[in-house]
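Atoms within each ligand, like the ligands themselves, are counted from 1 in listed order.
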Amino acid sequence: MAVNANAKIVIIGCGISGIAAAHRLVNAGFRHVRILEATARSGGRIKTDRLGGNIVEIGANWIHGPSEENPVFCLARKYRLLDPEALTPENQAVDVGGHPPFVPTIFCSSGRKLNADDIYYTQEMFAELLKESSEFESQGGEPWACVGDFIRSEVQQRAAEKWKDIDATTRSLRLCMISNMLKLECCINGAHSMDEVGLGAYGLYKTLPGLDCTFPGGYEGLVKNLMSELSSGLVTYNQPVRCVRWNNTEKRENPLTIECDEERIAADHVIVTVPLGYLKKHHSALFHPPLPLHKLHSVQRLGFGTNNKIFVEFDSPWWDADCEVICLVWEDEDVMVDQVPDVQRSWIRKLCAFTLLKPTERYGHVLCGWIAGHESEYMETLSEQEVTHTVTQLIRRFTGNPTITPRRVLRSQWFHDPWTCGSYSHPAIGCSEQDLENMMEPLPTKGSQSQPLQVLFAGEATHPYYYSTVHGALLTGWREADRLISHYSSISPSEPPKSKL
Ligand SMILES: Cc1cc2nc3c(=O)[nH]c(=O)nc-3n(C[C@H](O)[C@H](O)[C@H](O)COP(=O)(O)OP(=O)(O)OC[C@H]3O[C@@H](n4cnc5c(N)ncnc54)[C@H](O)[C@@H]3O)c2cc1C
Ligand SMILES: *[C@@H]1O[C@H](CO)[C@@H](O)[C@H](O)[C@H]1NC(C)=O
């Protein structure tokens, strides 16, 4: 390892993927590994905050599929960050295919509450359609371009058949519920509308077994533990990278120049982990020469939308003790829409559900509201008071109780975070597996004469089937570190060193 250990490796971004890459490289013996992070903190989209005395997750909340194959689960277990229930074989064995079996409490815009029976058939049909959506292969054989069109047309057909004996009011209400479920799906996919999520590629996303669990002490505990194993000088904070100059054929040694505001860093390799939202906006300034066209097209084609949370704390609960999710159904939305016509006036219609932070002893009476899309981006521009006011009106209307008043409200603002520019990625219309392959392809591309593996790409949006998750992001960091490790271990020892100290 002696010679190779001298390679200079820069990692852009100190989110979970950057941290994972640094870990692997340092453990493999590389001595010149640095992380450059734009903000003053590590963790990126893992961000734990407080609302009053309670822990809230501004970014990632769950370990999706906590079981042996999930590296986030295994690390969290090693660092003893999980509740005992999450560690049980029973919990690990539950396989719900990504949609936990919540029984929602549904409130309607007229102020009435629906029964479980009212919901059952709609939920069943929607679940079937999601499953069918994921079974198309991205080979151009799918009947519609987007998931939204597929679901709408199928619901219309199936409702005409299966629900033909049902009265018009109930049938209309069921279609309104579909609108609500589409909006929730926008949150899950990080999309403005399910009309923007490609039907062919919807099934690329893979789930792991295990009933989703949270970190009782906050997701950032994972980041803190990992960071404590890296040497303290490894990360430079408040150091945004402005430009990566690559493909310099003159220089064999440290061919890359990484430009920051006050520093230029020479390096042999750079691992870029900036979010896809940032890449979409800043790719032309960030890469010199520019990204090859096929890669750029994939950056543009893949979707990166906004999903935000609005935490609302109450002095006392106005929901039943066994309630897990509260859904809000507008009774005038039987055209199955997941976008509001007038964002400024009716953005709040996109806030489709609240999940409960449980257990109450730990979190108090806190609801987490979910809102995706352009409506969510608009919400970010409003004052906290305005958001509080509008959410209060919403809850009063749907419960029919004009006295409910939140104690405190806190919301995330991921779209206006200059280093994220949204929440997470999804395959948009026209995307295929090839786009994710292009995302992860290192530069220069195969066949080029210049130094290989100058620019490598990690991060959530570069995982072929766990995109949009923490475990996906972590695995991509390891993947790119391994790419460098195997590159150096395949170089014969007789070759001259790539770089001197
Ligand atoms: C609201 C929300 C809820 C979520 N919920 C879940 C969940 O429950 N479970 C789950 O598994 N996943 C969830 N996710 C997704 C998960 O948080 C991400 O997939 C994961 O954290 C991404 O890690 P990353 O390393 O790819 O990117 P990031 O964490 O975004 O790290 C990238 C880093 O790069 C930095 N950066 C950007 N530009 C520059 C620059 N020019 N120079 C230097 N540094 C730069 C950023 O500041 C950031 O620190 C959620 C995300 C959001 C937003
Ligand atoms: C990289 O440099 C080589 C040699 O100068 C050149 O042929 C190639 O076009 C360059 N690639 C890019 C993407 O600029």
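If you look at Ser412 next to ligand 1, there are no close heavy atoms at all, none under 4.0 Å. Contacts with ligand 2 closer than 4.0 Å are made by side-chain heavy atoms of Trp246 only, the backbone lying farther away.
Environment of CD in Glu69: sparse, with no more than 12 heavy atoms of neighbouring residues, nucleotides or ligands closer than 6.0 Å.
Annotation for ligand 1: atoms under 4.0 Å from non-hydrogen atoms of Thr273 are 32 (C). Close contacts between ligand 1 and Gly15 involve ligand atoms 25 (O), 29 (O), 31 (O), 33 (C), 49 (O) [criterion: under 4.0 Å to a heavy atom]. Interface atoms of ligand 1 facing Gly13, defined by a heavy-atom separation under 4.0 Å, are 33 (C), 34 (O), 35 (C), 44 (N). Near Asn61, meaning under 4.0 Å from one of its heavy atoms, ligand 1 places the atoms 5 (N), 6 (C), 7 (C), 8 (O). For ligand 1 and Arg45, the ligand atoms under 4.0 Å from any heavy atom of the residue are 17 (O), 21 (O), 22 (C), 24 (P), 26 (O), 27 (O), 28 (P), 29 (O), 30 (O). Near Glu460, the atoms of ligand 1 lying under 4.0 angstrom from a non-hydrogen atom of the residue are 19 (O), 22 (C), 26 (O).
Atom 14 (O) of ligand 2 is approached by the protein to below 4.0 angstrom, counting heavy atoms only.
The shortest N or O to N or O distance between Tyr424 and ligand 1 is not under 3.5 Å. Residue-to-ligand polar distances place Asn247 within reach of ligand 2: an N/O pair is separated by less than 3.5 Å.
Using a 4.0 Å cutoff on heavy atoms, Gly43 counts as a contact of ligand 1. A heavy-atom separation below 4.0 Å is found between Ile58 and ligand 1. Assignment of Asn307 to the shell around ligand 1 is supported, since a heavy atom sits closer than 4.0 Å. At least one heavy atom of Gly59 sits under 4.0 Å from some atom of ligand 1.
What sits closest to atom 4 (C) of ligand 2 on the protein, heavy atoms only, is Thr249 CG2, 3.7 Å. For atom 15 (C) of ligand 1, the closest non-hydrogen atom of the protein is Ser468 O, 3.4 Å.
Test Tyr467, Tyr465, Tyr466 against Tyr205 for ring pair (Phe, Tyr, Trp, His ring centres under 6.0 Å) and you get one pass: Tyr467.
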Glu259 and Arg242: CA distance, side-chain angles, deciding distance, salt bridge (charged side-chain N to carboxylate O under 4.0 Å, His left out) verdict: CA-CA 6 Å; Glu259 295 183 1; Arg242 304 296 180 184; over 6 Å; no
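For the pair Lys295 and Phe457, the cation-pi criterion (under 6.0 Å, within 45° of the ring axis) is fulfilled.
Glu380 places a side-chain N or O within 3.5 Å of a backbone atom of His416 that can act as its donor or acceptor partner.
Checking Thr420 against Arg45 by side-chain atom types alone, no donor-acceptor pair falls below 3.5 Å.
With rounding to the nearest 0.5 Å, the separation of CG in Leu276 from CD in Glu460 is 7.0 Å.
Ionic pairing of Glu253 and Lys8 is not present here: no N-O contact between side-chain nitrogen and carboxylate oxygen is shorter than 4.0 angstrom. With respect to Asp83 and Arg362, a salt bridge is recorded, a charged nitrogen being found less than 4.0 Å from a carboxylate O. Ion pairing between a basic and an acidic side chain is recognised when a charged N comes within 4.0 Å of a carboxylate O; Glu263 and Arg34 show such pairing.
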